[in-house]
Amino acid sequence: MTKYADFYRRSLDDRDAFWREQAGLIDWNTPPRQICDYSNPPFARWYLGGTTNLCHNAVDRHLKDRPNQTALICVSTETCTEKTYSFRELHAEVQRTAAMLRELGVRKGDRVLIYMPMIAQAAFTMLACARIGAIHSVVFGGFASASVASRIDDAAPKLIVSADAGSRGGKVVEYKPLLDEAIRLSKHKPDAVLLVDRGLSAMNVIADRDHLWGALRQKHLDAVVPCEWLESNDISYTIYTSGTTGNPKGVQRDTGGYAVALAASMKYIFGGKAGETYFSTSDIGWVVGHSYIVYGPLIAGMATIMYEGLPTRGLDGESNPGIWWQLVEKYKITQLFSAPTAVRVLKKHDPVYLKKYDISSLKTLYLAGEPLDEPTAQWISDALGVPVIDNYWQTETGWPILTIANGVEKAPSKFGSPGIAMYGYDVKLLNESTGEELRGVGEKGVVAIEGPLPPGCMQTVWRDDARFVKTYWETVPGKMVYSTFDWGIRDKDGYFFILGRTDDVINVAGHRLGTREIEETISSHPNIAEVAVVGVADPLKGQVAMAFAVPRDAASVSDDRARLQLEGEVMKLVEQRLGAIARPARVRFVTLLPKTRSGKLLRRAIQAVCEDRNPGDLSSMDDPSALRQITDLVTANR
Ligand code: AMP
């Protein structure tokens, strides 16, 4: 077996040869002329001149060897339905969908915004876009109108694909009215909207703009739509992620590099083999959904599960915290990928559910998206009796930066650490203010990656190269290096430990939220003068958002009833604008916020107080009574 250390070194020292070899994991219509062009840093171009197609690699390529093998398994514990598609059936559905997109005017390079629940048609649409070279932009179904509108304006889609509704915990969540409102709010208007009618809620169909999936599909039952051969650097999709400004960034990804990166990660990291079944409990609205629900497993010739529902509801819609394990038994799942928060939810239930089903097919549990605390990792590892592998990455990278590559050489996991640097990533810890590299064991620095980023990582920020450079590559003094905006340390064996973000981004149940975005929304309430939002440690969700607001009219929060009323209004506003995931756990009212003398909000001090930690050096603070108010409020409610 190759030593991982050698494999890793080769990926950096003999970069082109290493990635040329990995390119052989996918099909190319024309082989690449050049492996990596890094003549214009930090923009890396992979597999120049090569032509390929993500949909071909995910679907068509498997028609020869495994046409009747299951490709897609859709399970909903919300509508109590299960449906499977073989590669042949998936191929037919994707071609029908591609023909529908074409009929609605979508051509190569056009954007298609997907705002959908976890249903098969969402995967068909993503694959159909990839097939014809349209750029998809999936917006998480839980986002509310204003968030969708800002993404519509940025992506300027020709078509939006959506549905009547999703469902959560048995409650119908209507998408159509949210979408109509988003289109009303956006400056850009799509030419057409394609809607799946799940029969969950009545839709107000707008003539000349809205089309129904069912009727249009009927017209294209026999569609034959060949794959467009795209140049490796043609854009496959954009996905929005939060940063420190209120304006979400469109992370832009290529075609060839992404396909190779996913194929390689399935082999070396996830150990996925054709014919096996992969279950990622994420959502297509997140990067994990793109990489490890749709493209990665299918490229590897595996069956993939799309799951709509809570981790605690059964196939009959009744409570069943054993549903995942039941699915493992039923579909012989080999790899399960989830987030620590979901495991913490399960931990609150009777462990008997873990023993009820035959889970002997399961080889490994992968967890990612937020720090995996040791007790949670230990609990699930003991309960399942399979390896639990943490993996650390970002929407920007598309696949893991730090984990264990058991497909290269078996290595132990260390709970509390997501692992070691993955091949292709030249990971460094840097001193935040000097840029100096920190090589010492236990020295804390910013986790940074030396360019070029490996295949599969973001190419740029959609339509904003300057923002890409400024946001990611110019934050460490004196160096052009990619910042992850995470703090980390490394132990003597090269295992990293992630210590939290260096910026004002928080992570709620594995979802990244910019506190600025929430603050901007809260400030738009007519009775809020100023607000600070911080992330506070939470035993279940990792972090929750906590808001401290200064009302314009102090008298309006003079008693408990009035405070609760305003708190309710603020929460509702956030829910309506940004969606329920961004809603703060509490909104507390103060007369003043702690700031430096130059007027900068002291969010870190507020966070420390909320977490009962020492707020550190407060010498730059303007008026100490502001932090005292917060301390008193928090202590009184602890
Ligand atoms: P997102 O792009 O939304 O997936 O968020 C990426 C961020 O989530 C990272 O920059 C980290 O702050 C955090 N994160 C993701 N995976 C892990 C992990 N395994 N351990 C610790 N933090 C993680």
Side-chain angles (χ1 to χ4, degrees), residues 138-140 142-143 147 238-244 248-253 265 269-270 280-293 337-344 365-374 376-377 380 388-404 413-422 425 427 429 445-449 453 456-458 461 471-472 475 482-490 495-515 517 535 537 541-543 545 579 581-582:
V138 184
V139 174
F140 175 57
F143 282 144
S147 298
T238 63
I239 179 167
Y240 288 89
T241 187
S242 302
T244 40
K249 293 182 285 273
V251 166
Q252 176 184 313
R253 204 148 263 136
S265 71
I269 300 172
F270 297 104
S280 163
T281 66
S282 185
D283 187 284
I284 47 150
W286 311 119
V287 68
V288 182
H290 289 61
S291 294
Y292 300 113
I293 293 176
F337 188 146
S338 193
T341 295
V343 176
R344 289 193 287 262
L365 172 69
Y366 297 91
L367 296 172
E370 58 180 308
L372 171 60
D373 54 290
E374 204 179 324
T376 300
I380 192 72
V388 172
I389 297 191
D390 190 0
N391 54 118
Y392 160 89
W393 45 298
Q394 308 183 304
T395 306
E396 288 82 350
T397 67
W399 61 283
I401 305 167
L402 303 173
T403 183
I404 306 285
S413 290
K414 289 191 190 184
F415 288 156
S417 158
I420 56 179
M422 283 300 98
Y425 290 103
V427 185
L429 289 174
V446 180
V447 180
I449 306 167
L453 294 177
C457 292
M458 75 188 294
V461 172
T471 306
Y472 295 103
T475 60
Y482 174 88
S483 174
T484 62
F485 299 100
D486 283 304
W487 294 112
I489 54 171
R490 189 170 26 200
Y495 283 68
F496 285 80
F497 292 78
I498 299 297
L499 306 175
R501 298 278 303 190
T502 64
D503 58 6
D504 294 323
V505 164
I506 62 172
N507 193 318
V508 178
H511 303 314
R512 193 202 299 196
L513 298 170
T515 50
E517 216 174 332
K541 298 179 174 174
Q543 276 188 311
I581 58 165

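When a ligand or atom number is given, it counts from 1 through the structure's own listing order. Counting begins at 1 with the first residue of the sequence.
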(request) Provide the number and element of each atom of ligand 1 under 4.0 Å from a heavy atom of N391. (result) 16 (N), 18 (C), 19 (N)
(request) Would you please say whether a donor-acceptor pair under 3.5 Å links the side chains of E370 and T341? (result) yes
(message) Taking R512 first and then E396, would you say they form a salt bridge - that is, a charged N and a carboxylate O separated by under 4.0 Å?
(response) yes
(request) Look at atom 13 (C) of ligand 1 and say which protein heavy atom is nearest, naming residue and atom and giving the distance to 0.1 Å. (result) N507 ND2, 3.6 Å
(request) From atom 20 (N) of ligand 1, work out which of E370, H511, E396 has a heavy atom at the shortest distance. (result) E370
(message) Quick one about Y292 and S265 (side-chain donor to acceptor, distance below 3.5 Å, no hydrogens or angles considered), yes or no?
(response) yes
(message) Using ring pair (Phe, Tyr, Trp, His ring centres under 6.0 Å), reason through F140 and Y240 one step at a time and then give a plain yes or no.
(response) CA-CA 9 Å; F140 175 57; Y240 288 89; over 10 Å; no
(message) Under 4.0 Å, counting heavy atoms only: does W393 come that close to any atom of ligand 1?
(response) yes
(request) Would you check whether G369 has a nitrogen or oxygen atom less than 3.5 angstrom from a nitrogen or oxygen atom of ligand 1? (result) yes
(request) With heavy atoms only and a cut-off of under 4.0 Å, state how R501 meets ligand 1: side chain, backbone, both or neither. (result) side chain
(request) Could you pull out all residues at least two apart from F497 that satisfy ring pair (Phe, Tyr, Trp, His ring centres under 6.0 Å)? (result) none
(request) Please identify which atoms of ligand 1 are closer than 4.0 Å to at least one heavy atom of T395. (result) 1 (P), 2 (O), 3 (O), 4 (O)
(message) I need the nearest protein heavy-atom contact for atom 3 (O) of ligand 1: residue, atom name and distance, please.
(response) R512 CB, 3.2 Å
(message) List ligand 1 atoms under 4.0 Å from Q394, heavy atoms only on the residue side.
(response) 2 (O), 6 (C), 10 (O)
(request) Return yes if a side-chain donor-acceptor contact under 3.5 Å exists between D486 and Y392, otherwise no. (result) yes
(request) Find all atoms of ligand 1 within a distance of less than 4.0 Å from any non-hydrogen atom belonging to D486, and give their numbers and elements. (result) 9 (C), 10 (O), 11 (C), 12 (O)
(request) Could you pull out all residues at least two apart from Y482 that satisfy ring pair (Phe, Tyr, Trp, His ring centres under 6.0 Å)? (result) Y472, W473
(request) Give a yes or no answer on whether the side chain of Q543 reaches the backbone of V508 with a donor-acceptor pair at less than 3.5 Å. (result) no
(request) Could you establish whether V287 and ligand 1 come within less than 4.0 Å of each other, counting only heavy atoms on the residue side? (result) no
